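Predicted, not measured: the structure shown is a model, and the values here were computed from it. Note: hydrogens, waters and symmetry copies are ignored here, and every other heavy atom, side chains too, is used. Below, chains carry the letters A, B, ... as their sequence lines are ordered, and counting in each starts from 1.
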Protein chains: 2
Amino acid sequence: MTPQRQLVLDALLELEHATPEQVCHHVQRTTPTVNITTVYRTLELLEELSVIRHTHLGHGAPTYSVDGHEHVHLVCHRCGRVDETDIEVMSELCGTLRAAHGFALDATHLALSGTCEPCTRAKAAENTQRAQEGQA
Amino acid sequence: MTPQRQLVLDALLELEHATPEQVCHHVQRTTPTVNITTVYRTLELLEELSVIRHTHLGHGAPTYSVDGHEHVHLVCHRCGRVDETDIEVMSELCGTLRAAHGFALDATHLALSGTCEPCTRAKAAENTQRAQEGQA
DNA sequence: TTATTTGCAAACCTTTTGCCAGCAG
DNA sequence: CTGCTGGCAAAAGGTTTGCAAATAA
C-alpha cells in the first residue's frame, strides 16, 4: 500500500462515491503531483482486491465506492439527480430473477432510472398548461 | 423523414438493440456513404421524437432500441452476456419506489447487473476446486 | 432563396497504453 | 539487481462540433 493508493482510498472514504476524475481532483487538493493515470490504475487494483466497487449511474462515468457502501441508486433521467434507497427494496426482485433466470442480481452495481418526484410534478404541470392552451 | 433517417430506423428495427457504432455498420452494409455523424444525429432526433429510446447496459456505449421494445435487461458483469426478461418482474418494485420516494421507475432504461447462471456455476466450481486444493 | 440535412474533418473527453525513471525488496 | 510503481505523453474509443456542399421547401 503506497502513499498514492492510500490517498485514493481515503478520497473514496471521504467522498463516499465519486468518479475517477472527482477522486483525482480530491487527491490533488493535498498532493497535486498525483497523476490521473495513477488514480485509474489504483481504482482498478483496489477493485480487483474487492476493496472498492464501481456503479454505473447510466450516463457518463462510473462512480466508485468502498465496499460495504451498499445501497441502490435512483437516477432521474430528467434532471440527473441521484437518490439512494435501501437495498432491501430489491429483495423480492432478486429472488424472482434467481428463480426465473438463475440470475444472481447485484443490486448495487447498476442504478435504477426514472423520474424523480420534483420532475414528475414539473412534467404534470407542463401537461396541464398545454391542455389549457389547447382548450383556449 | 430523409432516406438516411429511414435507414437508421430500419437498422434499429432489424437489430432490436444496437449501439450507434453497430447501427452505423449495419446501415453502411447497404449504403456505405452514410456517416457516423449522421447516425448520431439521427438517433438523437428520433429519441427526441420518442420514436426510439436508449438503455445503458453498464459498460461502454449505450444501446438504442425502438420504443415499444419493452423489457428489462440483465447484464452479467462476469461474462458480459445480456439477457432479457419481462418488465412485469419490476412492477412491485416500481410501486414501492413510487410510494417511498415519489420516484417513477423506468425499468427499461437501465439494465440490472449481476451474475448469470453459467457464471454462477463456474464460480461455484472454482470455489469447490479451491477448497479441495486447500484440503489436500 | 432560405432553412434543413448531410458528409467530412477536426476537436473533445475520458480512459488506456508505452516507456522511462525511481524506489523497495 | 529485479520487479513493482508512478509520471508523462501519446494513443485509443466514443461522441460532438464547425463548416461547406447538397438538398428540400
Expected rows: protein N/O vs nucleotides 23-25 of chain D N/O, under 3.5 Å:
none

With 3.5 Å as the limit, what N/O pairs link the protein to nucleotides 14-17 of chain D?
unit_1 : atom_1 : unit_2 : atom_2 : d
D:dG14 : OP2    : B:E21  : OE1    : 3.4
D:dT15 : OP2    : B:Y40  : OH     : 2.1
D:dT15 : O5'    : B:Y40  : OH     : 2.9

Pairs under 3.5 angstrom, nitrogen or oxygen only, protein versus nucleotides 20-25 of chain C, please.
none

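Annotation: the span from B:L9 atom CG to B:T42 atom OG1 amounts to 10.0 Å, rounded to 0.5 Å. Interatomic distance, NZ of B:K123 versus OG1 of B:T120, reported as 6.5 Å (0.5 Å rounding).
Rounded to an integer number of Å, the gap from A:R5 CZ to D:dG7 C1' is 14 Å. Summarising the geometry, the separation between CD on A:E47 and C1' on C:dT16 is reported as 15 Å, rounded to the nearest angstrom. Rounded to an integer number of Å, the gap from CD of A:Q28 to P of D:dG6 is 15 Å. Here the P atom of nucleotide D:dG13 and the CD atom of B:Q22 are 15 Å apart, to the nearest Å. B:Q4 places its CD atom 18 Å from the P atom of D:dA21, with the value rounded to the nearest Å. Put simply, CD on A:Q6 is 17 Å from C1' on D:dG6, counting in whole angstrom units. Residue A:H25 contributes atom NE2, which lies 13 Å from atom C1' of C:dC13 at whole-angstrom precision. In this entry the distance linking CG of A:L7 with C1' of D:dG7 reads 15 Å, nearest Å.
Checked by atom type and distance alone, the side chain of B:T31 never pairs as donor or acceptor with a backbone atom of B:Q28 at under 3.5 Å. Panel note: side chain A:S91, backbone A:E88; a donor-acceptor pair is recorded below 3.5 Å. Looking at A:Q4, its side chain never comes within 3.5 Å of a backbone N or O of A:V34 through a donor-acceptor pair. Within the 3.5 Å criterion, the main-chain N or O of A:E44 finds no donor-acceptor partner in the side chain of A:E47. A distance-only check finds a donor-acceptor pair linking the side chain of A:Q22 to the backbone of A:T19 [under 3.5 Å].
Among residues two or more places apart in sequence or in another chain, the salt bridge (charged side-chain N to carboxylate O under 4.0 Å, His left out) test is passed with B:R81 by B:D83.
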For residues 95-103 of chain B, please give each side-chain donor-acceptor pair under 3.5 Å, one per line with the distance, not counting sequence neighbours.
unit_1 : atom_1 : unit_2 : atom_2 : d
B:T96  : OG1    : B:E92  : O      : 2.9
B:H101 : NE2    : A:T85  : OG1    : 2.7

Could you list the donor-acceptor pairs under 3.5 angstrom formed between side-chain atoms of residues 70-77 of chain A and any protein atom two or more places apart in sequence or on another chain?
unit_1 : atom_1 : unit_2 : atom_2 : d
A:H71  : ND1    : A:E84  : OE1    : 3.3
A:H71  : NE2    : A:H69  : NE2    : 2.9
A:H71  : NE2    : A:E84  : OE1    : 3.1
A:H71  : NE2    : A:E84  : OE2    : 3.0
A:H73  : NE2    : A:H17  : NE2    : 3.3
A:H77  : NE2    : B:D106 : OD2    : 3.4

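OP1 or OP2 of C:dG7 sits under 4.0 Å from a side-chain N or O of B:T38. Between B:N35 and C:dT6, a side-chain N or O to OP1/OP2 separation shorter than 4.0 Å is absent.
A donor atom on one side chain and an acceptor atom on the other are not found under 3.5 Å apart for B:R53 and B:S65.
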